[in-house]
Each structure stands twice: as structure tokens, then as C-alpha cells.
Amino acid sequence: MRGFIFHKLCISTPLSLMSMTMVVGVQILIKDGNKFNFQEPNPFASEGEEVASVAYRYRRWKLDDNISLVARCEVHSLMEVKGQQTLMTLNALNEFDSKLTGVDWRQKLETQKGAVLATELKNNNNKVAKWTAQALLASADVMKIGYVSRMHPRDPFNHVILGVQGYKPKEFAGQINLNLNNMWGIVKSVVDICMKLDEGKYVLVKDPIKPQVRLYEVPADSFENDYLEEPIPEEEQMQPVPAEEETATQATTDDKEPDGDGDV
Amino acid sequence: MATVFATDSILATLMCAPRSVYSWDIVVQRVGNKLFFDKRDGSQLDMLTVNETAQESLPEAKEDINSAPALSMEATVTNQNFSQQVS
């Protein structure tokens with residue numbers, strides 16, 4: 001199924017990624033416009049606001065006899081096939097300039113899909129592995145990966161979907177050597193270390209160069225945004241204190257007569 | 001009974017940590033017998049990377065449309081739009 005994605009980024013806004021304004025104009029071909037409503041409404045949507053359609057599944061695992069893990073997982077789509085409901089995650093790989101990457105999707109996707117995927121698994125190994133892990137956590141039945149390419153190599157704003165491929169998460173995990181035991185082993189190790197810490201706030205940071213992770217303790221109010229939304233009106237703002245020497249000279253020359261005990 | 005709270009993207013980051021190249025960070029809070037894993041405000045944990053594990057590096061100049069930050073933005077937006085359109 002083909003579709004066109006048009007999106008225009010607000011170029012005047014600085015590229016501070018979290019506070020991005022985005023205008024999306026979209027033309028879609030939909031087979032049937034059915035919307036599936038899950039039981040609870042989206043907690044992030046305010047009145048009348050349209051949010052990206054997604055379903056959150058809250059799931060619980062037992063890490064050991066004393067520790068359980070609760071995670072919020074995401075699924076993006078649901079299909080009804082022969083009375084069975086299929087939960088899906090949807091993700092897109094993007095091609096930007098085939099001259100730089102050496103693989104042209106428009107030529108290779110039809111006949112050498114495996115080669116295209118292999119290159120992506122090499123160049124975007126972490127990203128694809130994370131998508132797979134998330135699909136496994138959400139217990140999605142199918143994970144779909146789309147191949148989305150720029151309409152023109154120099155235009156980062158307009159894209160076309162060249163193809164979509166679906167996989168069973170467990171099978172795909174095997175294909176990329178993502179081992180479930182290893183994945184949960186890492187989580188359990190991190191949790192065990194953190195459970196031994198005192199109450200407080202910490203940051204787990206991956207070194208930008210070495211394959212190393214560090215745990216730092218930080219003050220309890222770190223990363224909290226306590227700044228006001230709007231500037232305080234002029235009258236309420238603190239005024240700068242006048243310099244000490246000026247007041248001192250003023251006092252001795254103009255105002256005061258020498259005081260008995262020498263106080264100023 | 002101790003409980004750990006996290007999102008799927010945070011867990012996925014941990015689970016795939018050996019494959020990561022770029023730096024990332026996760027805030028951990030210990031409160032009583034609970035552990036909370038959070039995204040730090042302003043961190044790029046939820047942004048997608050492009051060619052993170054590739055041999056060749058991307059153009060350095062930030063204004064270049066094929067620089068890592070520009071592609072990251074493009075990939076994140078594209079991924080989001082894709083999930084809204086296809087089923």
C-alpha cells in the first residue's frame with residue numbers, strides 16, 4: 001500500500017529537538033477508515049486535541065521473588081483477521097542519499113530486498129534492535145518496518161514509502177542475534193545495582209566513546225524545571241543593589257554629622 | 001515487594017546497550033522500595049539515530065541536511081508519520 005508523506009518543519013525555530021513545532025500536511029490512501037478505540041482514553045490528550053494514535057499497554061514482569069517490573073509499552077496498529085486481533089508496531093527506515101550510502105532503494109528493493117535490509121542492519125543496528133525489543137515487550141504479533149525515501153536526495157521534507165515488510169518479533173530477533181536472555185540479563189543487572197543504592201536521584205550515562213556506562217549520583221532537585229512560565233512584571237522584579245562606596249561617600253559628605261560613637 | 005517502573009523505550013535502550021554507539025542517559029530514582037527509570041527532560045533518548053553503527057561517518061557541518069542531528073530529526077518525524085498512516 002503506497003502513501004505520500006508531506007511534512008514541513010518550521011525552519012525558523014532553532015533545532016532544539018524537544019520543543020519542535022511541526023506542520024504536517026498529509027495525503028493518505030486508507031483501505032477502510034476504521035478506528036479501534038481501546039478501553040481507556042489517551043492520557044496525554046487534552047480536550048479537543050488530536051494526538052498521534054497509539055495504544056499503551058501496561059505490562060508487569062517478575063524479575064525475581066522480590067522484584068517486579070512494570071513497563072508502559074506501545075502498539076501502533078490493530079488488524080482484525082478472521083476474527084483474530086493482530087497487534088502491530090510500525091517503524092520506518094529512511095533513505096536520505098543513495099550516493100552517500102551506496103545502496104539505491106529504488107533499484108534494489110524490488111529484487112534484492114535482503115541486501116537492502118542487510119545494509120540497514122549494519123548501519124542502524126542499534127535502532128532496529130530497539131524496535132525489536134519494544135515489539136517483544138509490547139507482545140506485538142507483528143512488527144512492520146517501512147522503507148521511506150526522500151522524493152529528491154536534497155529535499156529532507158518530502159518522502160515516499162517504497163515498501164513495507166512485516167515480521168514476527170521473535171523471528172526477527174533471531175535474525176539480528178537479539179537474545180532475550182541477554183536483554184533481560186542486562187535489565188536485571190542494572191536493577192540489582194540500583195536497588196542497592198540509597199534513596200535519591202542518579203543518572204546512568206553511556207560514555208560517548210567507550211562501550212561503558214557510568215552511574216552518577218545527582219542532587220534531588222536536578223533536571224526539574226522550576227522556572228516560571230512568564231517573566232515577572234517590572235514592579236515585582238528585584239532591583240540591583242547600589243554600589244557600597246557610593247552610599248558611603250554620600251553619607252559622609254552630605255547627610256550625617258559625625259556621630260558620637262563613630263557609627264555611620 | 002519492590003517494583004521497578006520504566007517505559008519500553010528506556011528498557012529497549014538498556015537491553016540493546018551493547019549495540020549503542022552514541023551516548024545516552026537515563027535518570028534513576030530510588031524512592032522507598034521503588035525504582036523509577038525516567039527520560040531526562042531535553043535528552044534525545046526518544047529521537048531516532050541514522051547510521052549510528054555505520055563505518056562511514058556523516059557530514060560534520062550542522063547545517064548540512066545529512067548531518068547526524070538533521071537526519072535524526074528527519075528520521076524521528078518520518079517514523080512518527082509512518083506509524084500514523086500505515087496499517
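Quick note on labels: first sequence line is chain A, next is B, and so on, each numbered from 1. Keep in mind that this is a model prediction, so the values were computed, not measured.
Each of A:Ser68, A:Pro208, A:Gly166 has some count of heavy-atom pairs under 4.5 Å with chain B, and the biggest count is that of A:Ser68. In terms of heavy-atom pairs under 4.5 angstrom with chain B, the leader among A:Ala133, A:Ala71, A:Ser222, A:Cys194 is A:Cys194. Put simply, of A:Ala220, A:Pro211, A:Pro153, A:Gly146, the one with the most heavy-atom pairs under 4.5 Å next to chain B is A:Gly146. With chain A as the partner, the residue from B:Thr76, B:Asn33, B:Asn66 showing the most heavy-atom pairs under 4.5 Å is B:Asn66. For the options A:Arg150, A:Arg154, A:Glu74, heavy-atom pairs under 4.5 Å to chain B are most numerous at A:Arg150. Residue with the most contacts toward chain B among A:Phe96, A:Trp184, A:Tyr216: A:Phe96 (heavy-atom pairs, distance under 4.5 Å).
For the atom pair B:Thr78 OG1 and A:Asn94 CG, the distance stands at 5.0 Å (nearest 0.5 Å). The structure places CD of A:Glu199 at 10.5 Å from NZ of B:Lys34, a figure rounded to the nearest 0.5 Å. From B:Phe82, atom CZ reaches atom OH of A:Tyr147 across 10.5 Å, with rounding to the nearest 0.5 Å. Rounding to the nearest 0.5 angstrom, the gap separating the OG atom in A:Ser77 from the CD atom in B:Gln84 is 10.0 Å. Taking CG of B:Leu48 as the start and CH2 of A:Trp131 as the end, the distance is 6.0 Å to the nearest 0.5 Å. Between the CE atom in A:Met183 and the CG atom in B:Leu14 there is a gap of 11.0 Å [rounded to 0.5 Å].
Looking at B:Glu74 and A:His159, their side chains do bring a donor and an acceptor atom within 3.5 Å of each other.
Across all non-hydrogen atoms, the minimal contact from A:Gln134 to B:Asp8 is NE2-OD2, 3.4 Å. In plain terms, the two heavy atoms of B:Val27 and A:Lys201 that are nearest each other are CG1-CG, 3.9 Å. In this structure, A:Leu90 and B:Ser83 approach most closely via the heavy-atom pair CD1-O, 3.5 Å. What you find for B:Ser23 and A:Asp207 is that their closest heavy atoms are CB-C, 4.4 Å. Taking every heavy atom of both residues into account, B:Ile65 and A:Pro156 meet most closely at CG2-CG, 3.9 Å.
For a residue to count as touching a neighbouring chain, one of its non-hydrogen atoms must lie under 4.5 Å from one of that chain's; by this rule A:Leu136 does not touch chain B. With a 4.5 angstrom heavy-atom cutoff, B:Ile10 does not touch chain A via any of its atoms. In this structure, chain B has a heavy atom under 4.5 Å from the side chain of A:Arg60, while its backbone stays farther away. Residue B:Phe36: no heavy atom, backbone or side chain, is found under 4.5 Å from chain A. Contact annotation for A:Arg59: neither backbone nor side-chain heavy atoms come within less than 4.5 Å of a heavy atom of chain B. Contact of A:Val187 with chain B is made through the side chain alone, with heavy-atom distances under 4.5 Å. For A:Ile186, the part sitting under 4.5 Å from any heavy atom of chain B is the side chain, from C-beta outward, and nothing else. Looking at A:Val213, only its side chain comes within 4.5 Å of chain B, counting heavy atoms on both sides. The part of B:Tyr22 that comes within reach of chain A is its backbone (N, CA, C, O), which places non-hydrogen atoms under 4.5 angstrom from that chain.
Although no hydrogens or angles enter the test, the distance criterion places a donor-acceptor pair under 3.5 Å between the side chain of B:Thr53 and the main chain of A:Asn125. Using modelled atom types, no side-chain atom of A:Asn66 and backbone atom of B:Met1 make a donor-acceptor pair closer than 3.5 Å. Distance alone, capped at 3.5 Å, is enough to place a donor-acceptor pair between the B:Arg30 side chain and the A:Met195 backbone. Although no hydrogens or angles enter the test, the distance criterion places no donor-acceptor pair under 3.5 Å between the side chain of A:Lys127 and the main chain of B:Glu52. Under the 3.5 Å distance criterion, the side-chain polar atoms of B:Asn51 are left unmatched by any main-chain donor or acceptor of A:Asn123.
Between A:Val190 and B:Phe37, some side-chain heavy-atom pair lies under the 4.5 Å cut-off. For the pair B:Asp41 and A:Phe223, the minimum side-chain heavy-atom distance is 4.5 Å or more. Using a 4.5 Å cut-off on side-chain heavy atoms (C-beta onward), A:Lys206 and B:Ser20 make contact.
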Quick one, B:Thr3 with A:Ile67, criterion side chain to side chain contact (heavy atoms under 4.5 Å, CB included). Give me CA distance, side-chain angles, the key distance, then yes/no. CA-CA 6 Å; B:Thr3 315; A:Ile67 314 180; over 6 Å; no
Go through the steps to decide whether A:Leu137 and B:Met15 satisfy the test side chain to side chain contact (heavy atoms under 4.5 Å, CB included), and finish with yes or no. CA-CA 11 Å; A:Leu137 285 168; B:Met15 291 171 162; 3.9 Å; yes
With side chain to side chain contact (heavy atoms under 4.5 Å, CB included) as the criterion, how do B:Leu35 and A:Val191 come out once you've worked through the C-alpha distance, each side chain's angles and the decisive distance to 0.1 Å? CA-CA 8 Å; B:Leu35 203 57; A:Val191 166; 4.2 Å; yes
Does the pair B:Cys16 and A:Leu178 meet the rule for a side chain to side chain contact (heavy atoms under 4.5 Å, CB included), with working shown? CA-CA 8 Å; B:Cys16 302; A:Leu178 193 61; 4.2 Å; yes
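Within a 6.0 Å radius of CD in A:Gln212, more than 12 heavy atoms belonging to other residues, nucleotides or ligands are found.
The residue from B:Asp38, B:Ile26, B:Val28, B:Asp25 that alone fulfils the side-chain contact (heavy atoms from CB on, under 4.5 Å) condition with A:Val203 is B:Asp25.
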